[in-house]
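Contents: one structure, followed by commentary.
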Amino acid sequence: MGNKILEIRNLHKSFGNLEVLKGINLTVSKGEVVCLLGPSGSGKSTLLRCINRLEEPNQGSVLIDGEEITAHKIDLNKVRARIGMVFQHFNLFPHMNVLDNVTLGLRKVLGLPKSEAEEKGRLMLEKVGLGNKVTNKPDQLSGGQQQRVAIARALAMDPKLMLFDEPTSALDPELIGEVLSVMIDLAKSGMTMVVVTHEVSFAYKASDRACMLDHGLILEEAPAKEFFESPKHKRTKEFLSMVL
Amino acid sequence: MDQLIDAFFNIDVLLRTKEFYLYGLTTSLRLIVFSGMCAMGWGLLLSVIRNSNLRFINYPIIVYTDVLRSLPILANMLLLYYALPFVGISMSSFWAATIALSLTGGAYYAEIFRSGIEVIHRGQTEAARSLGLTYLKTMRYVILPQAIRVVLPPLTTNTLEFIKSTAAASVVALPDILNEAMQAQNVTFSPTPLMVALVFYILVCYPLVLLIEHFENSYHKR
């Protein structure tokens, strides 16, 4: 697989004296699904948030489709419009209905006329199985439904890359399945995805590659099957035995 | 009883002095609407700038809001109207009152909006920015609509307080409703004109209270 969508080179990030990322290198090709695993505090969420610069890296570079987005003169808003992000706590806009949540970016970032934006928004909501909820407010939906709206909101922008930051960690167990199945469909449709998750079954089934992070470094990186069936690093083995 | 009505609600006096009120009324309304919008807009601008967390610009804003809120509005008006001419800047009493009210009112509004902006969860900004919205669009479409709902009660109280503080403009000889009423009183030796001014403030403020209450209720019901 050529065609690198994401390339991270020697990325460092510190919060005060605490060095959270200590030189990360990672390449993701078009259509690949990469899972980031690791104990909490290992830096996986920070790494994800550096990819669209919600966190500013201290050193190193991030390239999206060959363009260095950590460069100074970059138009960050343009870059972010092409990177979808899904958060642990959904972060839907509570004062807007579901459809407006999904179309906000289309209208105010891409400048689509309202009718066109809404047509696309409905399509996206149907894709995640919520075509009948367009006029509901987010707080009238279950957690699983809210997260699917958040996925639709990110997908509506036609992203080159989707980032998922523990998308199922805040959900009740019985609601996790519906979100994962949307993500699996998305992975099958050829979307490039970087997923921070504790869902080992998802990582095993849907991802091409898995990375083990610990203390700000990628300890092990391998095709998913190999990663889960015969992990090499001691920390990976320990971690997998704890979450399985 | 008749004596009371004769003193405070004397129709005859009212009719004789009606030109005073007509002029005072339009002046007061102009002052309230114009300086009110300026104060609110200025306060909103300050709070949005302050939330961007640029230290070199935040510090002056903090000093500004703290100092202006420590000064009596009356003193600010007097300063603008009677002191500035000494350095060659003079303005009409309407502008002196409007500027003083906008600068001081803006400081209060800025604090109220800021408190609203700060309670909105960081995730909202992050979600909006990750869609590619600029800082200002994030404020406009995502943060402020939520923040203003949160601060509606203090916003209302502050606005009522603001409207009443416009009455201070009589110290810079602005012919507002209160000033005109006092003049009418001097001419007629009756307290009725003052009652007119009081009724004016009630007629402006009370519907506002009801309107905001209506808004709040409709948010809660949904």
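All values below were derived from every heavy atom in this structure, side-chain atoms included, with hydrogens, water molecules and symmetry-related copies excluded. To find a chain, count down the sequence lines: A is the first, B the second, and so on, and within it residues start at 1.
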Discussion item. Does atom CD (E118(B)) have a neighbourhood of more than 12 heavy atoms from anything else shown, all under 6.0 Å?
Written reply: yes
Discussion item. Using only atom types and a distance under 3.5 Å, with no angle test, would you say the side chain of N52(A) pairs donor to acceptor with the backbone of S130(B)?
Written reply: no
Fill in: More than 12 heavy atoms of other groups within 6.0 Å of F34(B) CZ
no
Worksheet entry | Spacing of M96(A) atom CE and Q146(B) atom CD [to the nearest 0.5 Å] | 8.0 Å
Discussion item. Counting only non-hydrogen atoms closer than 4.5 Å, does R153(A) touch chain B with its backbone (N, CA, C, O), its side chain (CB onward), both, or neither?
Written reply: both
Practice prompt. Verify the neighbour count for atom OH of Y23(B): are there more than 12 heavy atoms of other residues, nucleotides or ligands below 6.0 Å?
Written response: no
Item to complete: Can you measure from CZ (F93(A)) to CD1 (I120(B)) and round to the nearest 0.5 angstrom?
Response: 12.0 Å
Practice prompt. Quick one: pull up CG in N77(A) and CG in L131(B) and give me the separation to the nearest 0.5 Å.
Written response: 10.5 Å
Discussion item. Within the supplied structure, the quantity of interest is the number of heavy atoms (other residues, nucleotides, ligands) at a distance under 6.0 Å from Y82(B) OH; does it exceed 12?
Written reply: yes
Response to the item:
Separation between CZ (R80(A)) and CD (E126(B)), nearest 0.5 Å, reads 9.5 Å
Item to complete: Measure from the side-chain N and O atoms of K108(A) to the backbone N and O of K137(B), and report whether any donor-acceptor pair falls under 3.5 Å.
Response: no
Discussion item. Is L54(A) close to chain B through its backbone or its side chain, or both, or neither, when contacts mean heavy atoms under 4.5 Å?
Written reply: side chain
Discussion item. Please classify the contact between L110(A) and chain B as side chain, backbone, both or neither, with a heavy-atom cut-off of under 4.5 Å.
Written reply: neither
